[in-house]
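In each ligand, atom 1 is the first atom listed, and ligand 1 is the first ligand listed. Position 1 is the first residue of the sequence, and the numbers go up from there.
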Amino acid sequence: GACADVGGVSLALLRNTRAAPRRRHQPARAVLSTRCRAQGSLRREINLSVIDQYVDYLVKEQGVKSIFVNGTTGEGLSLSTQERKQLAEAWVTKGKDKLDHVIIHVGALSLPEAKELAKHAAAIGASAIAGIAPFFLKPTNKDTLVAFLREVASEAPGVPFYYYHIPSLTGVKIRVEELLDGIKEQIPTFQGVKFSDTDLLDFAQCVKNNKEQFALLYGVDEQLLSALVLGASGAVGSTYNYLGKENNLMLEAFAKQDLTAAKQYQLCTGEFLSFVFKLGFGVAQTKAIMTSVSRIPMGPPRLPLLNASKDFIEKAKAKLDRLTCC
Ligand SMILES: CC(=O)N[C@H](C=O)[C@@H](O)[C@H](O)[C@H](O)CO
Ligand SMILES: CC(=O)C(=O)O
C-alpha cells in the first residue's frame with residue numbers, strides 16, 4: 001500500500017512589536033539585532049512563543065506529525081540567518097517526542113549562508129535538510145545546480161538532504177527527472193525531492209526511474225491525489241496546516257484503494273482552494289486562514305507581503321465553515 005504522510009509547514013510566526021527606545025548604555029544582544037533602532041516604530045520580529053501550541057495543534061487537531069521549517073510558507077527567504085537558526089532550534093526542541101520529522105529548509109542565495117544553515121541544522125539534530133536552487137544568479141544547467149547542492153549537503157554529512165523543486169518561485173526549471181539521474185554519486189546523503197510543480201510528466205518519470213527509492217514528496221496540494229496515483233511517497237504543503245485532517249483521510253482512502261472517497265476529499269479541498277485563488281491567495285492569506293482556524297496568533301507576514309484583507313479573511317472563513325469534506 002501507499003505509505004504516505006502529509007507534512008505541515010511552519011509559518012514564519014512574526015509579531016508586531018513596538019520596540020522600546022534603547023537606553024544609552026544597554027548593550028544590544030544578538031537576538032535584538034532585528035529589532036528596531038528608531039524609537040517607537042513598528043517592526044516585525046519572529047515569535048517563538050507560539051510554537052509549542054502550534055506543535056500540539058498540528059498533531060492533535062490535524063494529525064500532522066512532520067514539519068517543514070523555513071520554506072515558502074514560513075517566509076524562510078525573508079528571514080535573517082539568525083532568525084532561521086532560532087526557528088529551526090525552536091521547532092526541533094518543541095517537536096521532540098511529538099513530531100516524527102522536522103525538516104529544515106536551508107536554501108539561500110548565498111552558498112556560505114546555506115552551508116552555515118546546513119551545519120547548524122545538523123548540530124541541533126534536525127531529521128533532514130532541504131534546499132532550493134539559488135534564484136537570483138541562477139544555475140543554468142544540472143551540473144551547476146548539483147555542484148551547489150552538493151556543497152550545502154556536505155556540511156551536514158549525517159543528515160538526509162532533499163532538493164526543494166519550486167520553479168514557479170525560483171525560476172529554475174531544470175527538470176527533476178534529469179537532476180536525479182546519478183545524483184546519489186554526487187550527494188551521498190540525497191534522500192528525495194519536495195516536488196512543488198504541476199508538471200506531472202516530470203514527476204511520473206521520477207517515479208519510474210526511482211531505483212534509489214528516493215522519497216518523492218508532492219507539493220501542489222490541490223493535485224495531491226493525482227500525484228499519489230503516480231506513486232508519490234508523501235506530501236508537504238501549506239494547506240495541511242488547516243486541512244491536514246481532510247488530507248489524511250484522503251491518504252487513508254487512497255491506501256484502501258477507495259478512489260471514490262479519495263476523489264471526494266480532493267474535490268472538496270480543491271473547492272476551497274479554487275474559491276480563495278479567485279480572491280487572491282498566497283502566503284499572507286495562508287497565515288490569516290491558519291490564525292482563524294487554529295486560533296493561534298500566527299502574526300502578520302513580513303514585507304514585501306502584506307496582511308490579508310478583512311474581507312478575504314471573512315469570506316475564506318465562511319467558505320471553510322460551509323465545507324463538508326468529512
Ligand atoms: C507556491 C506554494 O506556496 N506552494 C505550496 C508548497 O509548496 C503549496 O502548498 C501551495 O500553497 C498549495 O498547493 C496551494 O496552491
Ligand atoms: C508550502 C511549503 O511546502 C513550504 O512552505 O515550503
Side-chain angles (χ1 to χ4, degrees), residues 4-14 54 58 62 64 66-79 84 87-88 91 101-108 117 126 128-133 135 162-173 176 192-200 203 215-228 232-244 246-247 250 265-290 293 298 301-302 304-305 308 312 316 319-320:
D5 295 318
V6 287
V9 297
S10 88
L11 304 165
L13 302 168
L14 302 177
Y54 190 9
L58 286 175
Q62 298 293 346
V64 167
S66 294
I67 185 91
F68 189 87
V69 180
N70 293 336
T72 304
T73 315
E75 296 172 87
L77 280 301
S78 304
L79 302 173
R84 291 174 69 171
L87 279 158
W91 276 101
H101 304 282
V102 178
I103 305 176
I104 309 295
H105 175 248
V106 302
L117 288 166
I129 57 173
I132 49 168
F135 52 88
Y162 286 87
Y163 172 55
Y164 182 3
H165 180 60
I166 185 156
S168 62
L169 291 177
T170 61
V172 177
K173 298 187 173 108
V176 182
V193 183
K194 168 165 154 38
F195 192 107
S196 291
D197 186 38
T198 53
D199 184 344
L200 287 173
F203 190 74
L216 300 171
L217 309 176
Y218 197 64
V220 181
D221 311 355
E222 55 276 31
Q223 301 190 169
L224 175 56
L225 182 56
S226 309
L228 288 172
S233 36
V236 185
S238 66
T239 68
Y240 310 135
N241 283 294
Y242 54 90
L243 290 167
E246 292 75 2
N247 277 282
M250 182 173 83
Y265 289 117
Q266 183 73 96
L267 296 180
C268 183
T269 57
E271 185 188 325
F272 174 73
L273 284 170
S274 174
F275 178 84
V276 290
F277 288 168
K278 288 174 206 149
L279 298 175
F281 180 79
V283 168
Q285 286 68 30
T286 293
K287 292 190 84 168
I289 295 168
M290 261 308 282
V293 173
M298 300 291 166
R302 175 169 282 174
L305 302 185
F312 174 90
K319 182 74 183 171
L320 265 184

For F272, does the six-membered ring have the charged nitrogen or CZ of K319 within the cation-pi criterion, i.e. under 6.0 angstrom from the centroid and within 45° of the normal?
no

Any non-hydrogen side-chain atom of F195 less than 4.5 Å from a side-chain atom of V176?
yes

Do the non-hydrogen side-chain atoms of I103 and I129 ever get within less than 4.5 Å of each other?
no

Is there a nitrogen or oxygen of S238 sitting under 3.5 Å from a nitrogen or oxygen of ligand 2?
no

When you measure from the side chain of N241 to the backbone of S238, do you find a donor-acceptor pair of N or O atoms at a distance under 3.5 Å?
yes

Looking at Q285 and A308, would you say the former's side chain and the latter's main chain have a donor-acceptor pair under 3.5 Å?
no

Measure the spacing between CD of Q62 and CD of E246 and express it to the nearest 0.5 Å.
6.5 Å

Pair T170, Y164: side-chain N/O donor-acceptor within cut-off below 3.5 Å
no

Using the test side chain to side chain donor-acceptor pair (under 3.5 Å), find all partners of Y218 that sit at least two apart in sequence or belong to another chain.
Q223

List, ordered by chain and residue number, the protein residues whose closest non-hydrogen atom lies under 4.0 Å from any atom of ligand 1.
T72, Y164, I166, K194, S196, G219, V220, D221, E222, G237, S238, F277

Only heavy atoms of [X], strictly under 4.0 Å: list the atoms of ligand 2 that pass.
| X | result |
| --- | --- |
| G71 | 5 (O), 6 (O) |
| T73 | 1 (C), 2 (C), 4 (C), 5 (O) |
| F68 | 6 (O) |
| V236 | 3 (O) |

K194: heavy atom below 4.0 Å from ligand 2, yes or no?
yes

Could you walk me through whether D221 and Y240 pass the side-chain contact (heavy atoms from CB on, under 4.5 Å) test, one step at a time?
CA-CA 8 Å; D221 311 355; Y240 310 135; 3.5 Å; yes

